[in-house]
Q: 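Got a structure for you, questions after.
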Amino acid sequence: MNKTTAFVITRRAAAVALLAVPFFAQAADYPTKPIRFVVPYTPGGTTDLVARTVGQKVSEKLGQPVLIDNRGGAGGNIGMDAVAKAAPDGYTIGFGAISTNALNPHIYKSMAFDPRKDFTAISLLGTSTIVLEVPAASPVKSVADLIAAAKKNPGMPYATAGAGTSMNLAGVMFAQMTGTDLVHVAYKGSGPAITDMLGNNIGAMFDNLPASLPHIQAGKLRALAVAGPTRSPSLPDVPTMAEAGLKGYALEPWFGVYGPAKLPAPIVKALNEAFVEALAMPDVKAKLAQAGFSPRGSTAQELTTLTDTEYKRLGEVAKKAGMSAD
């Protein structure tokens, strides 16, 4: 290498270093303005409740507003695509889920993002309970009654918060294990689906418990079973699917916070610490547990590992079930 070449390389390296200084200074000072927290579902559902409850505490910790941005549609893909395409500066983060970051890529014909490459994992948020429910006026009183009705009426519809959601997966598993022919009716979030349930416009629904729990407690919806491996503390008298006769049935949705790919480590650290601290607060834990959500933070690496593992596992499940969505 001659002196001229060495001089050029040195100047170039110095220029790159100078350009990087403001960026890293910005990361060190993070945050200096409001943070947009994209919830890829309509208001009124589990994700909305958790985002608003935890987001308020994160805002207090970081000293900047956390603005909830509901962007429903396409099983959560629309909202998470906005996160994937955002600048990796920490001012746009998203509420990812088992569906958006593990299941959807295997069932949607077209995906605008790759959950393994286009996001930076920040922290797990926790797990939820899926409940199988019917309108209070329904003659169906149990899981056995529903199975009998479905076998008597092939093509019986059931509602969920959207195609490709964990609730959709719960319905597919239910149909497979009971040998019934069910038709999935996908809504753009739990809210609209619950409205139709309350109006007796559809006869059964798989939903994340926090959205439906108030209506169950008010006697407007009847819970038949929960999909998790254990009973929900919020519905201690409601059996699990396994207890109701579907041995081996268990599904527990998980949720996490993600940023765009290449999010700087100092920003990931700041966000992770804020979310983990918020999720551990007694008042947050009590409020979310009462709603049927089990809050739990994690390291960024733990969420990355979970995402990768679930991506592979649910790919096999979706393929076996022949799941698909437009």
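Keep in mind that what you see is a predicted model, and the values were worked out from it rather than measured. Just so it is clear, the values below take in all heavy atoms, side chains as well, and ignore hydrogens, waters and symmetry mates.
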Q: Check for a donor-acceptor pair, side chain of Thr309 on one end and backbone N or O of Thr305 on the other, with a separation under 3.5 Å.
A: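 Such a contact is found between Thr309 side chain and Thr305 backbone.
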Q: Quick check: closest heavy atoms across Val140 and Ser142, and the distance to 0.1 Å?
A: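 For Val140 versus Ser142, the nearest heavy atoms are CG1-O, 3.5 Å.
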Q: Under 3.5 Å, is there a donor on one side chain and an acceptor on the other for Thr307 and Asn101?
A: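 Absent: no donor and acceptor within the cut-off.
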Q: Do Ser99 and Asn104 pass the side chain to side chain donor-acceptor pair (under 3.5 Å) test, and can you show the C-alpha distance, the side-chain angles, and the key distance before you say yes or no?
A: CA-CA 6 Å; Ser99 53; Asn104 286 4; 4.8 Å; no
Q: Is it true that Asp48 and Arg52 make a salt bridge, defined as a side-chain N closer than 4.0 Å to a carboxylate O?
A: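 Judged by the 4.0 Å cut-off on N to carboxylate O distance, Asp48 and Arg52 do form a salt bridge.
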Q: Please check if the number of heavy atoms outside Arg296 that lie under 6.0 Å from its CZ is greater than 12.
A: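 For Arg296, atom CZ is not crowded (no more than 12 foreign heavy atoms under 6.0 Å).
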Q: Give a yes or no on whether the backbone of Leu49 and the side-chain of Thr53 come within a donor-acceptor separation of less than 3.5 Å.
A: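 Present.
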Q: Does Val268 offer a backbone N or O that forms a donor-acceptor pair with the side chain of Asn272 under 3.5 Å?
A: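 Judged by distance alone, no pair lies under 3.5 Å.
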Q: Can Ser212 and Asp207 be counted as having a side-chain donor-acceptor contact under 3.5 angstrom?
A: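 Present: a donor and an acceptor within the cut-off.
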Q: Please tell me if the side chains of Met167 and Asn208 come closer than 4.5 Å, counting only heavy atoms from C-beta onward.
A: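 Yes, close enough: below the 4.5 Å cut-off.
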Q: Under 3.5 Å, is there a donor-acceptor pair between the side chain of Thr180 and the main chain of Ile147?
A: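 Answer holds: no.
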Q: Between Val131 and Leu221, is any pair of side-chain heavy atoms under 4.5 Å apart?
A: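 No - every pair of side-chain heavy atoms lies 4.5 Å or more apart.
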Q: Out of curiosity, Glu273 CD to Ile122 CD1, how far, rounded to the nearest 0.5 Å?
A: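 Nearest 0.5 Å value for the CD-CD1 distance: 12.5 Å.
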Q: Are the side chains of Ile130 and Leu209 in touch, meaning some heavy atoms are under 4.5 Å apart?
A: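 Answer no - side chains too far apart.
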Q: I'd like to know if the side chain of Arg231 pairs up with that of Thr240 as donor and acceptor (distance under 3.5 Å, no hydrogens or angles considered).
A: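 Thr240 and Arg231 do not have a side-chain donor-acceptor pair below 3.5 Å.
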Q: Are any non-hydrogen side-chain atoms of Thr100 and Tyr41 less than 4.5 angstrom apart?
A: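 Thr100 reaches Tyr41 side chain to side chain.
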Q: Kindly say whether Tyr311 contributes a backbone atom to a donor-acceptor pair with the side chain of His106 at under 3.5 angstrom?
A: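 Confirmed, His106 side chain pairs with Tyr311 backbone.
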Q: Using modelled atom types only, decide if a donor and an acceptor are shared between the side chain of Tyr30 and the backbone of Gly90 within a distance under 3.5 Å.
A: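 Yes; at least one donor-acceptor contact below 3.5 Å.
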Q: Do Leu306 and Trp254 have side-chain heavy atoms sitting under 4.5 Å apart?
A: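 Side-chain contact under 4.5 Å: yes.
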Q: Are Ser128 and Pro210 packed together at the side-chain level, in the sense that at least one heavy-atom pair is separated by less than 4.5 angstrom?
A: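 A side-chain contact exists here, since the closest heavy-atom pair is under 4.5 Å.
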Q: Under 3.5 Å, is there a donor-acceptor pair between the side chain of Gln290 and the main chain of Lys287?
A: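 Checking the backbone N and O of Lys287 against the side chain of Gln290, no donor-acceptor pair under 3.5 Å is found.
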Q: Do Met205 and Tyr158 make a side-chain contact, defined as non-hydrogen atoms from C-beta onward lying under 4.5 Å apart?
A: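 A side-chain contact is absent here, since even the closest heavy-atom pair is not under 4.5 Å.
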Q: After noting the C-alpha distance and the side-chain angles of Tyr258 and Ser123, does the key distance pass the side chain to side chain donor-acceptor pair (under 3.5 Å) rule?
A: CA-CA 7 Å; Tyr258 297 83; Ser123 172; over 6 Å; no
Q: In terms of side-chain geometry, is the basic nitrogen of Lys85 or Asp81 positioned less than 4.0 Å from the acidic oxygen of its partner?
A: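 Salt bridge between Lys85 and Asp81, a charged N being under 4.0 Å from a carboxylate O: yes.
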Q: Using a strict cut-off of less than 4.0 Å between a Lys/Arg side-chain nitrogen and an Asp/Glu carboxylate oxygen, indicate whether Asp69 and Arg71 qualify as a salt bridge.
A: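 Yes, this pair counts.
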Q: Whether Glu316 and Lys319 form a salt bridge (side-chain N of Lys/Arg under 4.0 Å from carboxylate O of Asp/Glu) is what I want to check.
A: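 Here Lys319 does not pair with Glu316 in a salt bridge, since their nearest N and O are not under 4.0 Å apart.
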Q: Using 4.0 Å as the upper bound for N to carboxylate O, is an ion pair formed by Lys61 and Glu277?
A: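 Between Lys61 and Glu277 there is a salt bridge, with a charged N closer than 4.0 Å to a carboxylate O.
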Q: Taking all atoms of both residues into account, what is the closest heavy-atom pair of Gly75 and Tyr108, and its distance?
A: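 Gly75 and Tyr108 have their closest heavy atoms at N-OH, 3.2 Å.
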Q: Asn77 versus Met111: any side-chain heavy-atom pair under 4.5 Å?
A: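 Asn77 vs Met111: side chains touch.
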Q: Please confirm whether the backbone N or O of Ala136 pairs with a side-chain atom of Arg222, one donor and one acceptor, at under 3.5 Å?
A: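 At least one qualifying donor-acceptor pair exists.
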